[in-house]
Protein chains: 2
Amino acid sequence: MPRTPGQRAGLSHDAVLTAARTVFAERGLEGLSMRAVAKDLGVAPNALYSHVADKEALVDALLDDVLGALDPPDPDAEPLDGLRGVMLATFDLLGRHPDLVPLYLARQGARGTHAQVLGAAMTVLLARLGIDEDTSGRVVRALIVSTLGFAALATADDPALTPAHLRADLEATLDWLLLGAARV
Amino acid sequence: MPRTPGQRAGLSHDAVLTAARTVFAERGLEGLSMRAVAKDLGVAPNALYSHVADKEALVDALLDDVLGALDPPDPDAEPLDGLRGVMLATFDLLGRHPDLVPLYLARQGARGTHAQVLGAAMTVLLARLGIDEDTSGRVVRALIVSTLGFAALATADDPALTPAHLRADLEATLDWLLLGAARV
DNA sequence: TCGACGAATTGTACAGCGTCCAGTAAGCTG
DNA sequence: CAGCTTACTGGACGCTGTACAATTCGTCGA
């Protein structure tokens, strides 16, 4: 349904984001172009720019949106279990969205609200592990890096490197990191 | 100097690679287009395709080329020192080429000859650490993942996260990984 | 109720990209 | 000298993200 100029399609940041999610789900990262998103909304490509600054901003939003599927760890949980749990859940989530892994890696995680919530929850648990505020930030990053990295390995379908194996390796790595960081 | 069709410019895979390196050094990853490389060689863009399959293949070659600056560890060195040494040297190297870090991450390292040489040397050292052939492959990957990951963190110029600090963190992480893997 | 205003959306366009195609000229091999 | 192979050209295709100006709508103040 082409629209004559000025007519409203009722777009919004959320609508654009939803469309982006749809397009991404159907055509993957490669098929995720501004034109494709616009087409999905039945709208001219540039209309998107009223609601989204950039393609990069849109992708950022998409990345954080995906992170919304993650439950932040219970602050009262056993810290080690809680931290291991989030990171493994992240690993599993990324396994369902392999295309996104390089993007997260390039951004070293994400910076949206969901990411911040997760980060804050992790910091609480780290504090309960006796890790001071100064170092907890970098421990969080180290955990994320390892998780993303192992997720990246899991996307390469090397038959000798099954996701299950890598998941176990990640688990061991996380424990080493956490115990090491807590001890210092 | 435009050339009439058929005249030879004397290109070669190496020449293209060298030009790519130049363009990358001067204009960064963003400026590294086939057209730019061709222009640097005084040649039509498509001429490159006689020597290089793809842009991706060219970038792959460039990535491995950069790795050529790395000395493989001495097989007779103390294994832990040797392994730590290569990975830290890699970290330092990546610090000099921040643009490339996401690319290495996306490819989980690299697959060219230089990368293979390094990998083989690392496997030897791991064997001397008592790590069997089956697991050494994945330990190598874990080391690479951590190194690339910390290098990625170092590219984000967060003043609270200096490269020097991250380098130290990486060193600790590597030791945890190696000791943990050797113990099992 | 009317007029003005700002926000939303359009068509058009630009510059750039990677890469394919058909043609041509040079060099090598017989 | 003939013929084949290789290297390169101009041109084009289809795609990308995005800027511009023009248009029309919903809304709000008078």
Side-chain angles (χ1 to χ4, degrees), chain A residues 1-63 65 99-100 102-103 106-107, chain B residues 1-63 65 99-100 102-103 106-107:
Chain A
M1 293 56 187
R3 215 167 290 98
T4 64
Q7 274 181 336
R8 314 259 158 140
L11 290 194
S12 67
H13 182 272
D14 264 24
V16 174
L17 179 53
T18 302
R21 196 165 40 199
T22 303
V23 170
F24 170 70
E26 285 173 0
R27 314 222 274 249
L29 180 62
E30 192 177 78
L32 181 63
S33 70
M34 296 303 262
R35 283 171 158 84
V37 174
K39 192 167 202 174
D40 186 81
L41 290 163
V43 139
N46 356 5
L48 307 181
Y49 289 87
S50 300
H51 307 278
V52 158
D54 243 358
K55 185 183 184 182
E56 194 178 335
L58 177 56
V59 171
D60 279 345
L62 179 63
L63 289 181
D65 184 62
D99 278 9
L100 296 185
L103 297 184
R107 282 151 232 249
Chain B
M1 297 60 189
R3 214 167 290 96
T4 64
Q7 271 181 338
R8 315 256 158 145
L11 290 194
S12 68
H13 183 271
D14 264 23
V16 173
L17 179 54
T18 302
R21 197 165 38 200
T22 303
V23 170
F24 170 69
E26 285 173 0
R27 314 220 272 247
L29 181 61
E30 193 176 76
L32 181 63
S33 70
M34 296 301 263
R35 284 172 156 84
V37 173
K39 193 166 201 174
D40 186 81
L41 291 163
V43 140
N46 355 3
L48 307 180
Y49 289 86
S50 300
H51 306 279
V52 158
D54 244 358
K55 184 185 182 180
E56 194 177 335
L58 176 57
V59 171
D60 279 345
L62 180 62
L63 289 180
D65 183 62
D99 278 8
L100 296 185
L103 297 184
R107 283 151 230 248

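Chain letters run A, B, ... following the sequence lines, proteins first and then strands; every chain starts at 1. Bear in mind the structure is a predicted one, so any value in this text is a computation, not a measurement. As a basis for the values below, the full set of heavy atoms in this structure was taken, side chains included, without hydrogen atoms, waters or symmetry mates.
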Next on the checklist: Could you check whether any side-chain heavy atom of A/R27 comes within less than 4.5 Å of a side-chain heavy atom of A/L32, counting everything from C-beta outward?
Outcome noted: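 A/R27 does not reach A/L32 side chain to side chain.
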
Next on the checklist: I want to check something: taking the side chain as every heavy atom from C-beta on, are B/V37 and B/F24 in contact at a cut-off of under 4.5 Å?
Outcome noted: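 They are not in side-chain contact.
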
Checklist entry - B/A44 has a side chain; which of D/dT9, D/dA19, C/dA13 sits nearest to it? => result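 Minimum distance to the B/A44 side chain belongs to D/dT9.
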
Next on the checklist: Which nucleotide wins on minimum distance to the side chain of A/R35, given the candidates D/dT9, D/dT16, C/dT19?
Outcome noted: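 Looking only at side-chain atoms, A/R35 lies closest to D/dT16.
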
Next on the checklist: If you apply the rule side-chain contact (heavy atoms from CB on, under 4.5 Å), what do you find for A/R21 with A/L62, and how did you get there?
Outcome noted: CA-CA 7 Å; A/R21 196 165 40 199; A/L62 179 63; 4.1 Å; yes

Distance, rounded to the nearest Å, where [X] contributes [atom1] and [N] contributes [atom2]:
| X | N | atom1 | atom2 | result |
| --- | --- | --- | --- | --- |
| B/L11 | D/dT9 | CG | C1' | 12 Å |
| B/K39 | C/dG16 | NZ | C1' | 12 Å |
| A/L41 | C/dT9 | CG | C1' | 13 Å |

Short side-chain to backbone donor-acceptor contact, [X] and [Y], under 3.5 Å:
| X | Y | value |
| --- | --- | --- |
| A/D99 | A/L29 | yes |
| A/D40 | A/V23 | no |
| A/K39 | A/M34 | no |

Checklist entry - Is there a donor on the side chain of B/N46 or the base of D/dG11 sitting less than 3.5 Å from an acceptor on the other? => result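 Yes, a donor-acceptor pair under 3.5 Å.
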
Atom pair [atom1] ([X]) and [atom2] ([Y]), whose distance is rounded to the nearest 0.5 Å:
| X | Y | atom1 | atom2 | result |
| --- | --- | --- | --- | --- |
| B/D14 | B/T18 | CG | OG1 | 6.0 Å |
| A/R35 | A/L48 | CZ | CG | 10.5 Å |
| B/L17 | B/D65 | CG | CG | 4.5 Å |

Checklist entry - Which angle, to the nearest 10 degrees, lies between the helix axes at the two ends of the helix from C/dT1-D/dA30 to C/dG30-D/dC1, each defined by five pairs? => result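 Computed angle between terminal axes is 0°.
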
Item to check | Neighbours of DNA chain C within residues 27-34 of chain A, by heavy-atom distance under 4.0 Å | outcome: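 Output list: empty, so none.
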
Checklist entry - Near DNA chain C, which residues from residues 47-63 of chain A have a heavy atom under 4.0 Å away? => result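 Here the set is A/A47, A/S50, A/H51.
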
Checklist entry - What are the two closest heavy atoms between A/A38 and A/P45, and how far apart are they? => result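 Closest approach of A/A38 to A/P45: CB-CA, 3.5 Å.
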
Checklist entry - At their closest point, which heavy atom of B/H51 faces which heavy atom of B/S12, and how far apart are they? => result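 Looks like ND1-CA, 3.6 Å.
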
